[in-house]
Structure formats: structure tokens, C-alpha cells
Amino acid sequence: MNVAKPNSYRSGPDERGHFGIFGGRFVAETLMPLILDLEKAYTAAKADPAFQAEMNGYLKNYVGRPSPLYFAERLTEHLGGAKIYLKREELNHTGSHKVNNVLGQIMLARRMGKKRIIAETGAGQHGVATATLCARFGLECVVYMGAVDVERQQPNVIRMEMLGAKVMPVQSGTRTLKDAMNEALRDWVTNVHNTFYCIGTVAGPHPYPTLVRDFQSIIGNETRAQMQEIEGRLPDSLVACIGGGSNAMGLFHPFLDDPTVEIFGVEAAGHGLTQLHAASIAGGRPGVLHGNRTYLLMDADGQIQDAHSISAGLDYPGIGPEHSWLHEVGRVNYLSATDDEALAAFQLLSKLEGIIPALEPAHAIAKVMELAPKRPRDHLMVVNLSGRGDKDVPQVGDILRGKK
Amino acid sequence: MTTRIDTRFAELKSQGRSAFVTYVMAGDPDAATSLNIVKALPKAGADVIELGIPFTDPMADGPSIQAAGLRALKAGMTLKKTLDLVRDFRKDDNVTPLVLMGYYNPIYIYGVDKFLTDAKSAGVDGLIIVDLPPEEDDELCIPALKAGLNFIRLATPTTDDKRLPAVLANTSGFVYYVSIAGITGAAAADANAVGEAVARIKRHTRLPICVGFGIRTPEAARAIAEKADGSVVGTALVDALKNSLDAEGRATAKTVNAVAELTAALAQGVKGAQQAAE
Ligand SMILES: Cc1ncc(COP(=O)(O)O)c(C=O)c1O
């Protein structure tokens, strides 16, 4: 890569929302004033100790933080290399890391006086977290979800409805996460006066990638303190799966300027990188979609291509802009895991540790199965266990029975 | 620099007429039919042509124009073929202004400099790129102005007086006022509210102001024409096209006429308007 190394990997974005050439604000004029308002409100909230204090209260007593950093003893023994720790984001209320970000955005929406919340969702975890906090604070909630995902993540659809949210199945395009995001943007353009768009990952127009990252950084900050307490030092490597990249960015960001920490992001390789997949860095190039410039899967004419992953939460043809930048400057290594590798990891973790992971972090576990055996026994490896697998049990059950 | 757009609006002004602007999707339902439709538009009364560049993820468009883009893509349309279509149209029409409207990614992937050169030589006069607000002017707006193309910006009900100067700063050709907060094909705007908005924008610019989104009938077009320098109709024409297709979505003998006839009716509506005094 011919990109100059910065003094710090943690100083972005610039005032226009750029991480190198990535990021920006590629939105319709109707939305521009709202995005500027949001940026202002976020800057003010960040500087307000009362905002942080209120958030900390909910993080502790409602979400259940801090999430444990757990030594996965049997997985470590089985793989015979690095000492593996799981950051247990699946123990959060609602079952994934998504709630960290949603809490922050809902507190912001309240500060801004917005009464109607919209969200896009793939796996349904972000939708569930949004529906949950809307219920808690008495806000109207509309969740856009691709019709294909509505089908394969039924448990989460039912949860959202029980929480009082309206789930809108999206029939346009490929009927997955990308189309849900298009439809949410269309709703937002139409209902600008009263609506807050709660984006579920580190993507979208500036300031979303930054504020989502900041709200998720609690994952890495806790990990740092917990590892210090358990092992008396920093971890040697970090591994996280990547849909848009929010659980990964939350774990990675606090460690970006620690040169001894190796960092691995894991994209979804679907049926394999030469076939249908969702690995934007491995198989894409820079383009502009959903408000930002980033690595995207597209054809020669700049048309966005269908992504595929067994995991609805990773089934997106893009990635957050800060990841694109971290890839180009070479700070983070981006790997990928196939559907089959993720399924194998899903079963292994369930059987060895008694933890059924979501299919998304199963991709991270799949790469741990490759990386850990090649590392010495005193190597400390942290994997972000971003969510639990309850939502995937029907889907994986069908696949496993079909295979038998 | 004077483009065909500037010339056309100057002419209309001297005739005391408001412009009728038509939008169709390039390559819908196929490249050959689409060329014939575009050729038929000026004869049917279109003063300015907006030609959509098909894109998989048109986030500011409603179902009709989304479907039109997908029909075009399915029939093999690309940005390069869109420019070919413009070049073919220019073989027998060197006066009707033609504006490309779409999203940034296909242009970014084509290459901005190459695109501007090719668009200019094909006979394109201006660009409306929905996802490039003034905050991203370095990307395409400034290079387009340097290349001699108009960059037409959208102003919306959320663009307040404080923001208008920034929106208008590098705008040329005309200003496209989006009459509602919403996507194409959504509810129509109230003509009186539009009149107030146009008056507000006119306090900031001398450029012509065209109004679009939600105009479907000759009556609505006339009401808008009385308040603005032009009215834009898109979804209604795209729907007329779609209704003329066969069960497999292919063009029929009626397709070109279906669009031309509605264009003529709408143009009649606009021509019946009493121009508001400046
Ligand atoms: C448990 C879990 N992990 C990861 C993801 C992927 O999102 P991100 O890359 O933003 O963390 C999702 C998305 O739905 C998820 O539900």
C-alpha cells in the first residue's frame, strides 16, 4: 500500500468525516441539515458529564456491563496454542454488542427531542436492541429488514414485535441488509421532521461511523482493563468478525496505537471468495454507497453486487470506512471465513465451552482455529464473542439435519 | 460559458413561458426503445430532458423509478451506454438541453475526469447527482464546472435560509427544488407552499427554479408552472412506460407513444399556465 503511516491510528476522522479517502457525507440534500444537527448534538453530548453519567448507569444496570473477559480453557487446550479469551458481549441484555451503540443513539435522540426511531437490521440483533430501548423509553420504533432476513431470523422478528416495534419486510433489490438500509434512508428522507435514524454499524454518512465506534469502544476499553487485571499486560492479538464492522471497531480502536497488538478482522467468505461472498475488502474496491466511500462489492459499471453469507448480520456488500482505511494503512489484517468454516466453529464452541455463538462471531472463532495453533502458549488472544446463537438455532438446526 | 440549458431558459423567459422538464430512465426498458422515447420527447413538448443513470441502490427514489432502473440494468444498460444514447440523440437534436440524473458511484467507478470528457463530447449539458451535497463539491461539482457542464443542485424543504447560500454557491443551469421531503413518486406538494419556497429561493439566486417530485397531471403541472420557472415530471412518465410493456416487461408497439402522449398532455398543461410576474 502506498499510503503514508500516520502518527496515530486513533485521530480520525477529519472535520469532514474522512479517514484517508474513506468516509464522507454522500447523502441527499434533504438529509444534510439533519446530519449536521446530529453532529452538533453529539459533540455537545460528548462534552456533557451528565450524558456520560446517565449512560453509564444504564450500561451497568440495564445492559449488564461490564461483560466478562473469559478464559476459554477447553478451546485453548483443543487448539494447543495461544491462550484464548472470549469477550462475552453475548451476555449483554438483548444478546449482542449492538445494544451498546443503540443505548448511546437513543440517549442522543432523546436529547434532540426525536420521538420516532427507525433502524435497519440484518440478523435482527440491532433491530431487537433498538426495539428494546424504544420500549424502555416509550418511543415509536420502525425496523426495516430484508424479506430474506425476515425469513431466516424469525426468532428476532417475533421479539421485535413483542417489544412493540413495527417490522417492515423489504422486498426491493436483493431483499437483505443493503436494501433494508436503502429503505430506512427513504423513510428518513420522508419523515425528517420527527425521525431519528439509529444506524446499526460503523457505516453511513459522517458522523455515524465515528459515534457508533465511540459507543462501541467500551468493548476494547473494558478488555484492556480486564486483561491488565487478569494477566497484568496487554493482549497480543485481537480477532473480531465484520459485517459493517462495529463490534470489531469497538474492540480494536482502543488498541490501535499499541504496536505489539496484532489485529485481525474476519469478513464473511460465503461460498468462497471466487463465488458468492460478503468480503468487501478481500473482493471489493473503493466506491460510494449509503453515505460513505468505502470498499464495496460491485461490477465494472459501479453497480452494487449481491453479497452472500450464511449469517444475515454479515450479508452486506460494504464495510465501515474506518476499516477500509485501517486496511490501506496496514494496521489491521483482514481475513475471511466461509459459511462452512463458520458452521464448524459454531459447533466447536458450543460443544467445548457450552456457549452457542451467533453465526457472525462464529466467523471470528473459525479464524481463531487457524491462528491460535500457530501462536505460542503465552500468546494472549482475545476474540469478540459479539452475540449469542439463539436466533440461529432454527437455521443451523435445519442445515445440520439436512446434511445428515 | 453558456450551455444549452442557459440558452433554453433565456428563450423561455423571453416568451413568458415556464419550462416543462421530463425525466425518463436511460435504457428503460431497453436501449433502442429508450433512444426512441428520448427522441420523441422534444417533439411532444419537453423543453428540457432529464435522463436517469440506472443504479442498483437509488436511495432517493420510490418504487416506480427503482423498478425502471432495474429494468434497464437487466437489459444491459451501463453508464457508457447511457452516454452512447445521448450521442445518438444529439445526431438530430442539437438544441434540447439534456441533463443526466443519478447517483455518484457509477461515475466514480467510470472515473470522474474520463466521465466529464466523455459526457461533454456526447452532448450532455448538466448533471444532477443526488448523493453529492455541497459538502462533497470537490468530488464532481467543481471538476464538472471546469469541464463546462452545469451542476444542478437540489434544494429541499429542509434547506433553510442559512444553508441556501452554500447550496446555491456552485449551482449553475437551474435550481431543482424538491417540493416535498421525500422520495420520487411520493405525495404531491401544495402549489401555494411551493410558491412561497420558490420566492424564498429567488431571494438568494437569479437562476431559474424548477420544481419536481409529486407532479403527475397536466393540472398539477400547470399549477406549479404558475409558481416556478419549470416543472419536472418523472414517475408519471415512467409509470406510463411500464403500463405499456408486455407481461415479460418488454417494449410493445405502444411504448414510445404512451410516453409521448402523456408528455404532450402535460406540456399542454404547462403551456396553459399564467406565468407569475417576476
Ligand atoms: C452478533 C452479531 N455480531 C456481529 C454483527 C455484524 O455487525 P458489526 O460488524 O457491525 O459488528 C451482527 C450484525 O447483525 C451481529 O448480530
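Chain letters run A, B, ... following the sequence lines, proteins first and then strands; every chain starts at 1.
Partner of B:Y23 under the side-chain contact (heavy atoms from CB on, under 4.5 Å) criterion, out of B:I65, B:L51, B:V233: B:I65 alone. The one candidate from B:I5, B:L207, B:I209 that meets the side-chain contact (heavy atoms from CB on, under 4.5 Å) condition with B:F174 is B:I5. Considering B:I107, B:L132, B:N105 in turn, B:N105 is the only one that fulfils the side-chain contact (heavy atoms from CB on, under 4.5 Å) rule with A:V288.
Highest contact tally toward chain A, considering only B:E139, B:K80, B:K162, B:R153, is held by B:E139 [criterion: heavy-atom pairs under 4.5 Å]. Counting heavy-atom pairs closer than 4.5 Å to chain A, the top residue among B:D61, B:V178, B:D57 is B:D57. Contact count against chain B (heavy-atom pairs under 4.5 Å) is highest for A:V189 among A:N191, A:L34, A:D299, A:V189. The most heavy-atom pairs under 4.5 Å with chain A, out of B:P63, B:A187, B:G182, come from B:G182. Of the listed residues (A:G173, A:P205, A:P286), the greatest number of heavy-atom pairs within a distance under 4.5 Å of chain B belongs to A:P286.
Side-chain atoms of A:I304 and A:L297, non-hydrogen and from C-beta on, never get closer than 4.5 Å to each other. You'll find the side chain of B:T158 stays beyond 4.5 Å of the side chain of B:D160, heavy atoms only.
Heavy atoms closer than 4.5 Å to chain B are found in the side chain of A:L289, but not in its backbone. Proximity to chain A (any heavy atom under 4.5 Å) is shown, for B:P157, by neither the backbone nor the side chain. In this structure, the portion of A:M298 lying under 4.5 Å from any heavy atom of chain B is its side chain and not its backbone. Of the two parts of B:Q66, only the side chain, counted from C-beta on, holds a non-hydrogen atom closer than 4.5 Å to a non-hydrogen atom of chain A. Heavy atoms closer than 4.5 Å to chain A are found in the side chain of B:Y108, but not in its backbone.
Residues A:A300 and A:R285 share a closest heavy-atom pair of CA-NH2, 3.8 Å. B:A155 and B:I201 get closest at one heavy-atom pair: CB-CD1, 4.2 Å. When all heavy atoms of B:I152 and B:G126 are compared, the closest pair comes out as CD1-CA, 4.3 Å. Scanning both residues, A:S246 and A:T201, for their nearest heavy atoms gives N-OG1, 3.4 Å. Residues A:E267 and A:I281 come closest through the heavy atom pair OE2-N, 2.9 Å.
Against chain B, the residues from residues 16-33 of chain A that qualify, each with a non-hydrogen atom under 4.5 angstrom away, are A:R16, A:H18, A:I21, A:G24, A:R25, A:F26, A:V27, A:A28, A:E29, A:T30, A:M32, A:P33 in number order. Inspection of non-hydrogen atoms places B:L73, B:M77, B:T78 of residues 71-78 of chain B under 4.5 Å from chain A.
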Hey, mind stepping through A:H308 and A:H271 against ring-ring contact (aromatic ring centres under 6.0 Å, His included) and telling me if it holds?
-> CA-CA 8 Å; A:H308 164 79; A:H271 298 315; 4.1 Å; yes

Can you check side-chain contact (heavy atoms from CB on, under 4.5 Å) on A:L211 and A:L108, steps first, answer last?
-> CA-CA 10 Å; A:L211 68 87; A:L108 263 183; 4.3 Å; yes

Determine, stepwise, if the pair A:T130 / A:I117 fulfils side-chain contact (heavy atoms from CB on, under 4.5 Å).
-> CA-CA 8 Å; A:T130 307; A:I117 309 295; 3.7 Å; yes

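The aromatic rings of A:Y208 and A:Y197 are tilted relative to each other, their planes meeting at an angle between 30° and 60°.
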